[in-house]
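What follows is one structure encoded as structure tokens, with my remarks underneath.
Residue numbers begin at 1 in each chain, while the letters A, B, ... track the order of the sequences. Note that the structure is predicted; figures quoted are calculated from it, not measured.
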Amino acid sequence: MPEGHTIHRAARLQNKRLRGRPVQSESPQGRFASGASLVDGIELAKISANGKHLFYEFANDVIVHVHLGLFGKFRLRSLPTEDPVSENCRWLVTTANDRLHLAGPTACEVVDGEQVDAIRSRLGPDPLVKRHRRDPVETMASRLHRRTIPIGAAILDQKVIAGLGNVYRAEILYRIGLDPFTPAREVDQSKLHALWTESVRLLRLGERSGRIVTTDPADVGRTRRSNIKAQERLYCYKRQGEPCRRCGSIIRTADIDGRNIWWCPAEQS
DNA sequence: GTGTCATGCGTAT
DNA sequence: TACGCCTGACACG
């Protein structure tokens with residue numbers, strides 16, 4: 001489930017267990033064999049997350065860049081473990097106590113500092129990063145300026161805001177009451193501000209819980225967030241034909257830029 | 001077993 | 001706009 005919350009959560013949990021320890025590094029599948037060997041036996045100094053990107057910094061200054069793409073998955077296990085190493089395991093990182101198993105990533109590669117800077121510089125503000133050089137809302141506004149693409153396409157552009165994926169895009173636009181087809185340049189400052197604050201709130205929740213929950217308990221007949229059932233976690237995503245949880249209008253779906261979006265035609269207008 | 005789709009993104013046309 | 005990459009879950013026959 002790799003949107004930004006998944007990546008930041010992975011960095012946090014992996015730092016807790018792997019950071020500061022020498023690792024055994026290998027590529028059972030073979031496709032990352034030369035990179036993996038560069039850090040075999042080396043201390044993992046720090047893992048950092050930006051948007052949907054992860055950077056593994058080792059004590060010998062080698063940096064490994066990982067991007068999960070659509071299919072990538074981590075499995076972090078305490079040792080000993082019964083969990084098998086799959087034959088498509090791209091990178092296997094083992095310490096005395098733990099084992100990190102990575103399969104299916106879009107990117108798993110050794111990069112230098114300049115490449116890290118290049119990746120970071122093409123990312124917009126990340127709702128899960130605390131400090132920003134510029135006001136994040138201003139940065140978003142400047143990157144949407146005069147663009148006629150629908151806001152539903154714009155917020156998947158990682159240069160505009162880093163870390164949102166297809167679930168959060170539908171859910172956040174619902175929560176701020178914005179029609180996904182609104183041209184980006186017509187979105188006013190107050191909506192952009194709401195977009196940012198809802199992104200921060202929802203991604204933080206997702207980072208802590210490991211799942212995407214965007215519904216308010218009251219909208220699904222619950223009194224506490226912890227009582228929300230799996231079927232009740234979202235307002236729009238993949239709910240085409242079902243009634244809106246707030247107004248009962250039928251949730252619609254359409255294609256924006258080759259990806260499906262879902263929205264409530266009444267709440268978002 | 002086969003086909004389809006998916007929480008992503010870069011490159012080519 | 002289409003395709004390629006990477007994998008797994010599920011529907012269907």
Which of the following nucleotides, [options], is nearest to the side chain of [X]?
X: A:Val167; options: C:dC6, B:dC9, B:dT7; value: B:dT7
X: A:Arg122; options: C:dG8, B:dG10, B:dT7; value: B:dG10
X: A:Ile212; options: C:dC6, C:dT7, B:dT7; value: B:dT7

*Is it the case that A:Arg169 places NZ or CZ above or below the six-membered ring of A:Tyr174, under 6.0 angstrom from the centre and within 45 degrees of the axis?*
no
Pair [X], [Y]: side-chain N/O donor-acceptor within cut-off below 3.5 Å:
X: A:Tyr235; Y: A:Glu267; value: no
X: A:Asn15; Y: A:Arg12; value: no
X: A:Ser86; Y: A:Asn88; value: yes

Taking only N and O in the side chain of [X], is any of them less than 4.0 Å away from OP1 or OP2 of [N]?
X: A:His67; N: B:dC9; answer: yes
X: A:Asn260; N: B:dT7; answer: no
X: A:Tyr168; N: B:dT7; answer: no

*Of A:Phe71 and A:Leu156, whose closest DNA chain B nucleotide lies nearer the 5' terminus?*
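Result: A:Phe71.
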*Given DNA chain B, 5'-ward residue of the pair A:Gln158 and A:Lys238, judged by closest heavy atom*: A:Lys238
_Closer than 4.0 angstrom, basic N to acidic O: yes or no for A:Asp157 and A:Lys159?_
yes
Round to a whole Å and report the spacing from [atom1] of [X] to [atom2] of [N].
X: A:Lys159; N: B:dG8; atom1: NZ; atom2: C1'; value: 14 Å
X: A:Arg169; N: B:dG8; atom1: CZ; atom2: P; value: 9 Å
X: A:Arg259; N: C:dT1; atom1: CZ; atom2: C1'; value: 16 Å
X: A:Glu171; N: B:dT7; atom1: CD; atom2: C1'; value: 12 Å
X: A:Asn88; N: C:dA9; atom1: CG; atom2: P; value: 11 Å
X: A:Ile119; N: B:dC9; atom1: CD1; atom2: P; value: 12 Å
X: A:Leu234; N: B:dT7; atom1: CG; atom2: P; value: 12 Å
X: A:Lys73; N: C:dT7; atom1: NZ; atom2: P; value: 11 Å

*asked:* For the P atoms, the ones on B:dC5 and on C:dC3, what distance do you get once it is rounded to whole angstrom?
replied: 14 Å
*asked:* What's the gap between C:dG4 and B:dT4 when it is taken at their P atoms, as a whole Å value?
replied: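 So the two P atoms sit 15 Å from each other.
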*asked:* Using a 4.0 Å heavy-atom cut-off, does A:Glu87 contact any base of the nucleic acid, only the sugar-phosphate backbone, or nothing at all?
replied: nothing
